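For ligands, and for the atoms within them, numbers begin at 1 and follow the listed sequence. What you see is a predicted model, and the numbers here were worked out from it, not measured in a lab.
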Amino acid sequence: MGVPMATKKKTASRSAPKKKAAPRKKQAPGAKPRTLAIDIGGTGVKALVLDAKGKTLTERVRVETPKPATPAAVLGAIREIAKSFGDFERISCGFPGVVIGGVVHTAANLGTEAWRGFQLAKKLSAAFGNVPARALNDAGVQGFGIVQGKGTEMVLTLGTGMGCALFIDGRYVPNLELAHHPFHKRKSYEDWIGNKALKRVGKQEWNKRVRQVLAVVQPIFNPTVIYLGGGNAHKLHGRLPKNVKIGDNVAGLLGGIALWRET
Ligand code: BGC
């Protein structure tokens with residue numbers, strides 16, 4: 001991703017015959033490699049299995065996020081969910097914090113410091129017989145399941161926390177942590193519109209607040225479109241700005257297939 005192309009000297013002579021591109025194999029529905037797609041959230045851990053093309057092969061299964069949400073407990077919950085699925089050949093995982101190179105740097109809503117430096121991709125792989133595993137910020141994965149690949153597309157997830165992801169012509173800008181940036185007085189964006197705020201101020205006021213956030217964000221990033229995802233997005237009512245669309249929360253799992261395409 002974003003790696004500059006190496007400049008290659010042209011060596012082919014004019015008369016060299018052009019190589020024909022190998023015909024693409026058609027993939028049957030259900031084709032391997034199948035991906036166990038996981039979405040770890042502050043409230044729920046969700047998972048399903050996707051085929052090689054990203055089509056769902058199983059129902060989405062959700063369990064409550066264990067309390068305390070230590071790495072061992074969360075991995076245990078994922079193992080439990082996966083018992084009801086068939087085989088899979090690789091794993092994609094969305095995680096509610098900064099993830100760089102498969103390693104967790106922050107986990108604001110999991111309530112334990114134990115995640116800092118946790119080798120999530122490696123440990124997931126080890127937990128499932130060393131199948132390859134990749135992990136990314138949850139809003140990033142959600143975005144991969146929603147964006148159209150054109151222009152500046154922004155994803156805000158409204159759940160336990162506030163996730164944020166930015167895509168430029170389909171390329172992901174990783175770990176844009178708007179959630180903990182100051183928004184109003186001493187309150188961060190997440191304090192303002194996260195799940196705790198929704199519970200405290202009620203749906204009506206929360207709806208107003210989400211619109212305030214949108215109004216602040218729009219002139220900074222000037223996105224072509226903002227997708228609202230996350231478990232609370234369906235609690236929005238009334239008109240939204242023209243370029244704001246509500247996405248399906250299952251995108252947080254469907255986007256898992258892109259982790260194998262884009263990195
Ligand atoms: C985290 C983000 C995450 C969001 C939604 C925030 O608290 O900092 O990384 O995407 O919650 O889970």
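Between Phe167 and Phe144, the two ring planes are perpendicular [angle over 60°; tilted spans 30° to 60°].
Nearest protein heavy-atom neighbour of atom 10 (O) of ligand 1: Asp138 OD1, 2.6 Å. Distance from atom 6 (C) of ligand 1 to its nearest protein heavy atom, with residue and atom name: Glu190 OE1, 3.1 Å. Closest to atom 9 (O) of ligand 1, if we only count protein heavy atoms, is Glu177 OE2, 2.5 Å.
His181 NE2: 12 or fewer foreign heavy atoms inside a 6.0 Å radius. Other residues, nucleotides and ligands place no more than 12 heavy atoms under 6.0 Å from the NZ atom of Lys203.
Those atoms of ligand 1 that come under 4.0 Å of a heavy atom in Asn109, given as number and element, are 6 (C), 7 (O), 11 (O). Within the listing of ligand 1, atoms 1 (C), 3 (C), 9 (O), 12 (O) sit less than 4.0 angstrom from a heavy atom of Pro96. Close approach to Ala108 involves these atoms of ligand 1, each under 4.0 Å from a residue heavy atom: 7 (O). For ligand 1, the atoms sitting less than 4.0 Å from at least one non-hydrogen atom of His180 are 1 (C), 6 (C), 7 (O), 8 (O), numbered in the order shown with element in parentheses. Less than 4.0 angstrom separates some heavy atom of Gly163 from each of these atoms of ligand 1: 4 (C), 5 (C), 10 (O). Every atom of ligand 1 with a heavy atom of Asn137 under 4.0 Å away is listed here by number and element: 2 (C), 3 (C), 9 (O), 10 (O).
Counting heavy atoms from C-beta on, the side chains of Asn243 and Thr224 never come closer than 4.5 Å.
Under the 4.0 angstrom criterion for non-hydrogen atoms, Gly97 is in contact with ligand 1.
Centroid-to-centroid, the aromatic rings of Tyr189 and Trp192 stay 6.0 Å apart or farther.
Across Glu59 and Phe85, no two heavy atoms sit closer than the pair O-CE2, 3.8 Å.
With hydrogens and angles ignored, the 3.5 Å screen pairs a side-chain donor or acceptor of Asp51 with a backbone N or O of Gly54.
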